[in-house]
Amino acid sequence: VQLAESGGGLVQAGGSLRLSCAASGNAYRFNAMGWYRQAPGKERELVADISSGFSTNYADSVKGRISISRDNSKKTIDLQMNNLKAEDAAVYYCHADITIATIETLKNLEVWGQGTLVTVSS
């Protein structure tokens with residue numbers, strides 16, 4: 001399974017961006033999927049995630065400004081980011097918890113995308 005992100009770029013503070021992530025390849029099950037971000041000199045942090053049943057979870061810093069959505073049939077997730085702030089600038093990574101089937105058992109794996117850069121100008 002591979003994850004491909006798109007939609008990053010340069011935006012002015014207060015503006016909006018929409019990030020998309022598409023999964024390719026097969027898995028027994030795609031479980032939670034989400035977005036993380038990492039700013040220079042900082043640790044990677046969760047922005048938002050969404051379960052296969054569409055339950056969502058957001059970092060406190062983005063609540064009310066960012067929305068995550070998912071299309072299970074297309075194996076995609078989107079992140080709509082509004083009212084962007086300078087502190088939102090980071091590399092955004094798509095993440096998926098997947099279950100694969102082996103001959104003997106089911107196995108859980110984590111998959112990461114390559115990242116897409118979001119730059120916010122003031």
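All residue numbers in this chain count up from 1 along the given sequence.
The heavy-atom pair separating S16 from N83 by the smallest distance is OG-N, 4.3 Å. V62 and V47 get closest at one heavy-atom pair: CG2-O, 3.6 Å. The shortest non-hydrogen separation linking A89 to A39 is O-CB, 3.7 Å.
Here the CG atom belonging to L3 is positioned 11.5 Å from the OG1 atom belonging to T76, to the nearest 0.5 angstrom. With values rounded to the nearest 0.5 angstrom, L84 atom CG is found 11.5 Å from Q12 atom CD. Atoms CG and CG, from L10 and L17 in turn, are 8.5 Å apart once rounded to the nearest 0.5 Å. One finds the OH atom of Y28 at 11.5 Å from the OG1 atom of T102 (value rounded to the nearest 0.5 Å). Atoms CZ and CG, from R37 and L46 in turn, are 9.5 Å apart once rounded to the nearest 0.5 Å. To the nearest 0.5 Å, atom CE of residue M33 and atom SG of residue C21 are 5.0 Å apart.
Applying the 6.0 Å contact sphere to CD of Q38 captures more than 12 heavy atoms from other residues, nucleotides or ligands. Annotation: N82, atom CG; neighbour count of heavy atoms from other residues, nucleotides and ligands within 6.0 Å is above 12.
With contacts defined as side-chain heavy-atom distances shorter than 4.5 Å, the pair E5/L19 does not qualify. Residues R70 and F30 form a side-chain contact, since some pair of their non-hydrogen atoms from C-beta on lies under 4.5 Å apart. Residues M81 and R65 fail the side-chain proximity criterion, which asks for heavy atoms closer than 4.5 Å.
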As a quick check of understanding, evaluate side-chain hydrogen bond (donor to acceptor under 3.5 Å, both in side chains) for S52 and N31, giving each step before the final call. CA-CA 5 Å; S52 57; N31 304 309; 5.5 Å; no

Let's go through D88 and K85 carefully: what are the C-alpha distance in whole Å and the side-chain angles of both, what is the deciding distance for salt bridge (charged side-chain N to carboxylate O under 4.0 Å, His left out) to 0.1 Å, and is it a yes or a no? CA-CA 5 Å; D88 294 317; K85 304 177 180 180; over 6 Å; no

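For D49, the side chain to side chain donor-acceptor pair (under 3.5 Å) test picks out no residue, with sequence neighbours left out. Remark: R18 engages D78, Q80 in a side chain to side chain donor-acceptor pair (under 3.5 Å) (not counting sequence neighbours). Shown here are the side chain to side chain donor-acceptor pair (under 3.5 Å) partners of S73, two or more places apart in sequence or in another chain: D71. Y93 meets the ring-ring contact (aromatic ring centres under 6.0 Å, His included) test with no other residue; sequence neighbours excluded.
Hydrophobic clustering, with ILVMFWY side chains joined whenever heavy atoms are under 4.5 angstrom apart, keeps L79 apart from Y36.
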Could you pull out all donor-acceptor pairs under 3.5 Å where a side-chain atom in residues 108-122 meets a protein atom, sequence neighbours excluded?
| from | atom 1 | to | atom 2 | distance (Å) |
| --- | --- | --- | --- | --- |
| N108 | OD1 | T99 | OG1 | 2.7 |
| E110 | OE1 | H95 | NE2 | 2.6 |
| T116 | OG1 | G8 | N | 3.2 |

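Applying the ring-ring contact (aromatic ring centres under 6.0 Å, His included) rule to pairs touching residues 37-85 yields nothing, sequence neighbours excluded.
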